[in-house]
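For reference, the structure is listed below as structure tokens.
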Amino acid sequence: MAKLRSVKGMNDILPADMGRWHRVEAAFRHRAERYGYAEVRTPLLEPTELFVRGIGEVTDIVEKEMYTFEDKGGKTLTLRPEGTASCVRAWLQHSVGGQEPVTKWYYVGPMYRRERPAKGRYRQFHQVGCEIYGDPGPYVDAELIDMVVGFLRELGVLDVEVLVNSLGSGDTRERYREALVAHLEPHRATLSEDSQRRLEANPLRVLDSKAPEDQEAAATAPTLLDFLSDEDRAHFDGVQDTLTALGTPFQVAPRLVRGLDYYTRTLFEVIGRGGDLGAQSTICGGGRYDGMIGDLGGPATPAIGFAMGVERVLLSMPDEAAAAPLDVFVVAEAGVRAPATALARELREAGLRVEADLRGRSLKSQFRRADKSGAPVALVLGEREVDGGGVQLKELGKGTQTSVPRDALVASVREALG
RNA sequence: GUGGCUGUAGCUCAGUGGUAGAGCACUGGAUUGUGGCUCCGGGGGUCGCGGGUUCAAACCCCGUCAGUCACCCCA
């Protein structure tokens, strides 16, 4: 329609939706802070190198989804596609690890990925997430998962599935990868085209392929859990035992894998079953990445984190009536608009949310607006009231109207609002 | 990135070759300072955009852009 449009896949969030956004963000902040996390804000733009090294060169995100460009100084920059790498960079850059034994950070903000937009998937999307540096788990792993479930529950997102897996550590993944390729190679010809490609790039992904021709080869494949070392196994048991102790329902999903290279040991995903989610049903994904900090040149430090898609949380939340954004609507005759403005200011200074129609329209149309605004109280100011030193206070829900003295106005309004 | 479907008023949609419609929303009014219900009126659309076929295109054809669904991937 209009010639000027927002960039494809990047959406405006209009005031009508803002209540829901604020509710999600506020609930997340409060919960994270109750669990001992502190907010961190990192730049939207980072050196491209950070994501190439942090996320992994052969991942889909790095290979084809990043917004990368050269700035005027010739530096290669990238709009952040996720939050974990930036957090690690900031943590290292400011030597936070030397100042405290365990760091717990949370973040809220937009991320950028140049994918084909669909429901629940946009090119600018928003994530809330947490990261913990310096605690090897497994208790903190379970606590993190439980916090996510509690957060979603608070927002009314009850119909979720929590999937948990362990990718092992050290060379577990490598050994498993080799065994898996050895298993799949004889089936190569019957695998789907995608999976034949994945055989080289990321064979673990063949396991959760939806193509029917891949199902058989995947079903008979060795499972990653069989390759765990004793330590990895004990760690994974610890995660499960703690989740059970917390009463958090979960399922072990031995074939759960992710498209980011950095994960080790604990891996989890929260899937929404209800709401308006389409094919993008993953609300939250996360896991341990004990190797990343060392890989980026820092001291070997265990780490775990997750990210949640705010748009997806919103899609899975139940609808609810929006709270009235106003307390009072001031209705004034055209000739007394100046004193009406002063009246509105007085109420606002007292902390009330006040709107007035100052265009000089008929009282009837002002009342119509007052009604639609949702404000429970209308105050009427005309020549008579200005002369008499009072104000008419009308409770729009009840239809009752009383005259209140000007100097008792704030108290009377407060009383009417309950 | 691949395939399917859809683009008509702010929103939800009807209209399938012959002068652009409905409901909701917005807005004015229904006698002298008062909302919600009802009634009457008003504004608002180069029918996504570009090209083609035709005497004539919202309608048929091609392209393009956007949205959406599935795949892929992921939050």
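A, B, ... follow the sequence lines: proteins, then strands. Residue 1 opens every chain.
- Note on residues 30-61 of chain A: no pairs pass ring-ring contact (aromatic ring centres under 6.0 Å, His included), not counting sequence neighbours.
- Separating the CD atom of A:E333 from the C1' atom of B:rU32 is a distance of 12 Å, rounded to the nearest angstrom.
- Listed by chain and residue number, A:D232, A:R265 satisfy the side chain to side chain contact (heavy atoms under 4.5 Å, CB included) test with A:S169 (two or more places apart in sequence, or in another chain).
- Heavy-atom contacts from other residues, nucleotides or ligands closer than 6.0 Å to CD of A:E415 number 12 or fewer.
- In this structure, the CD atom of A:E115 is 14 Å from the P atom of B:rA70, given to the nearest Å.
- Annotation for A:L167 and A:L228: closest pair C-CD2, 4.2 Å, computed over non-hydrogen atoms.
- Distance check on atom P: B:rC59 versus B:rG48 gives 8 Å, rounded to whole Å.
- Taking CZ of A:R153 as the reference point, atom CG of A:L158 lies at 7.5 Å (rounded to 0.5 Å).
- Here, B:rG7 and B:rG15 have their P atoms 11 Å apart, quoted to the whole Å.
- Distance check, rounded to the nearest 0.5 Å: CD of A:E395 to OG1 of A:T400 gives 4.0 Å.
- With RNA chain B read from its 5' end, the first of the two nearest nucleotides for A:G285 and A:F367 is the one closest to A:F367.
- Taking a pair to require two hydrogen-bonding distances under 3.5 Å in either a Watson-Crick or a G-U wobble arrangement, B:rC24 pairs with B:rG10.
- Here B:rC72 presents its P atom at 11 Å from CZ of A:R121, a figure rounded to the nearest Å.
- Near RNA chain B, meaning a heavy atom under 4.0 Å from it, residues 16-25 of chain A has no residue at all.
- Side-chain contact between A:V24 and A:V128: absent, with no pair of heavy atoms (C-beta onward) separated by less than 4.5 Å.
- Scanning all heavy atoms of the two residues, the minimum distance from A:L358 to A:R337 falls at O-NH1, 3.1 Å.
- Residue A:G129 is classed as having no contact, given no heavy-atom separation below 4.0 Å to the nucleic acid.
- Taking atom P on both B:rG21 and B:rU68, the two are 31 Å apart, rounded to the nearest angstrom.
- We find that CG of A:L396 is positioned 9 Å from C1' of B:rG36, with the value rounded to whole Å.
- Across all strands shown, A:A307 has heavy atoms under 4.0 Å from sugar-phosphate atoms exclusively, and none from any base.
- Taking atom P in both B:rU8 and B:rG50, the straight-line distance is 16 Å, to the nearest Å.
- Atom-to-atom distance recorded for A:Q93:CD and A:S86:OG is 11.0 Å, nearest 0.5 angstrom.
- Across the C1' atoms, B:rA9 and B:rA14 are found 13 Å apart, a figure rounded to whole Å.
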Distances under 3.5 Å between protein N/O atoms and the N/O atoms of nucleotides 41-45 of chain B, please, pair by pair.
none

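- B:rG18: Watson-Crick or G-U partner is B:rC55, with both key distances under 3.5 Å.
- When the C1' atom is used for both B:rU32 and B:rG42, the distance is 25 Å, rounded to whole Å.
- The same atom, C1', is picked in B:rA22 and in B:rC60; the two are 26 Å apart, to the nearest Å.
- Rounded to whole Å, atom P of B:rG1 lies 7 Å from atom CZ of A:R123.
- For B:rG1, the paired base is B:rC71 (Watson-Crick or G-U wobble, both distances below 3.5 Å).
- Residues from residues 76-87 of chain A that place a heavy atom under 4.0 Å from any atom of RNA chain B: there are none.
- Comparing the P positions of B:rG36 and B:rU31 gives a spacing of 13 Å, expressed to the nearest Å.
- Evaluation of atom-type donor-acceptor distances gives a pair under 3.5 Å for the side chain of A:Q401 against the base of B:rU34.
- With sequence neighbours excluded, the residues that form a side chain to side chain contact (heavy atoms under 4.5 Å, CB included) with A:R123 are A:K8, A:M10, A:Y67, A:R114, A:P117.
- Per the geometry, CG belonging to A:L379 stands 13 Å off C1' belonging to B:rU34, to the nearest Å.
- Summarising the base pairing, B:rG45 is matched to no nucleotide, lacking a Watson-Crick or G-U wobble pair whose two defining distances lie under 3.5 Å.
- Here the closest heavy-atom approach between residue A:L267 and residue A:L256 is recorded as CD2-O, 3.5 Å.
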Write down the protein N/O and nucleotide N/O pairs, taken from nucleotides 25-29 of chain B, whose separation is under 3.5 Å; answer none if there are no such pairs.
unit_1: B:rC26; atom_1: OP2; unit_2: A:K372; atom_2: NZ; d: 3.2
unit_1: B:rU27; atom_1: O3'; unit_2: A:R361; atom_2: NH2; d: 2.9
unit_1: B:rG28; atom_1: OP1; unit_2: A:R361; atom_2: NE; d: 2.9
unit_1: B:rG28; atom_1: OP1; unit_2: A:R361; atom_2: NH2; d: 2.4

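- Atom CZ of A:F329 is separated from atom C1' of B:rG36 by 15 Å (rounded to the nearest Å).
- Considering CZ of A:R369 and CD of A:E355, their distance stands at 5.5 Å, rounded to 0.5 Å.
- Judged by distance alone, with hydrogens and angles left aside, A:R113 brings no side-chain donor or acceptor close enough to the base of B:rC73 to form a pair under 3.5 Å.
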With sugar-phosphate taken as primed atoms, P, OP1 and OP2 and all else as base, the protein-contact string of nucleotides 64-69 of chain B at under 4.0 Å (heavy atoms; B, S, -) is --SSBS

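- When atom types are taken as modelled, the side chain of A:R20 and the backbone of A:L314 share a donor-acceptor pair closer than 3.5 angstrom.
- In this structure, A:I61 places its CD1 atom 16 Å from P of B:rC72, rounding to the nearest Å.
- Only at 4.0 angstrom or more do the heavy atoms of residues 28-42 of chain A sit from any atom of RNA chain B, so none qualifies.
- Considering only residues two or more places apart in sequence or on other chains, A:R121 meets the side chain to side chain contact (heavy atoms under 4.5 Å, CB included) condition with A:E115, A:R116, A:A118, A:Q280, A:R312.
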Donor-acceptor contacts under 3.5 Å from residues 284-294 of chain A side chains, at least two apart:
unit_1: A:R288; atom_1: NE; unit_2: A:D141; atom_2: OD2; d: 2.9
unit_1: A:R288; atom_1: NH1; unit_2: A:D135; atom_2: O; d: 3.2
unit_1: A:R288; atom_1: NH1; unit_2: A:D290; atom_2: OD1; d: 3.0
unit_1: A:R288; atom_1: NH2; unit_2: A:D135; atom_2: O; d: 3.2
unit_1: A:R288; atom_1: NH2; unit_2: A:P136; atom_2: O; d: 3.4
unit_1: A:R288; atom_1: NH2; unit_2: A:D141; atom_2: OD1; d: 2.6
unit_1: A:Y289; atom_1: OH; unit_2: A:E131; atom_2: OE1; d: 2.3
unit_1: A:D290; atom_1: OD1; unit_2: A:A303; atom_2: N; d: 3.0

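- Annotation: side chain of A:I283 is in contact with side chain of A:M308 (closest heavy-atom distance under 4.5 Å).
- Contact annotation: side chain of A:D371 to base of B:rG36, donor-acceptor pair absent below 3.5 Å.
- Residue pairs meeting the ring-ring contact (aromatic ring centres under 6.0 Å, His included) criterion with at least one partner in residues 128-147 of chain A, sequence neighbours excluded, are A:W91-A:Y133.
- The residue A:E385 sits close to a base: some heavy atom pair falls under 4.0 Å.
- Here A:I283 lies in heavy-atom contact (under 4.0 Å) with sugar-phosphate atoms only.
- Atom CD of A:Q392 and atom CG of A:L381 lie 10.0 Å apart (nearest 0.5 Å).
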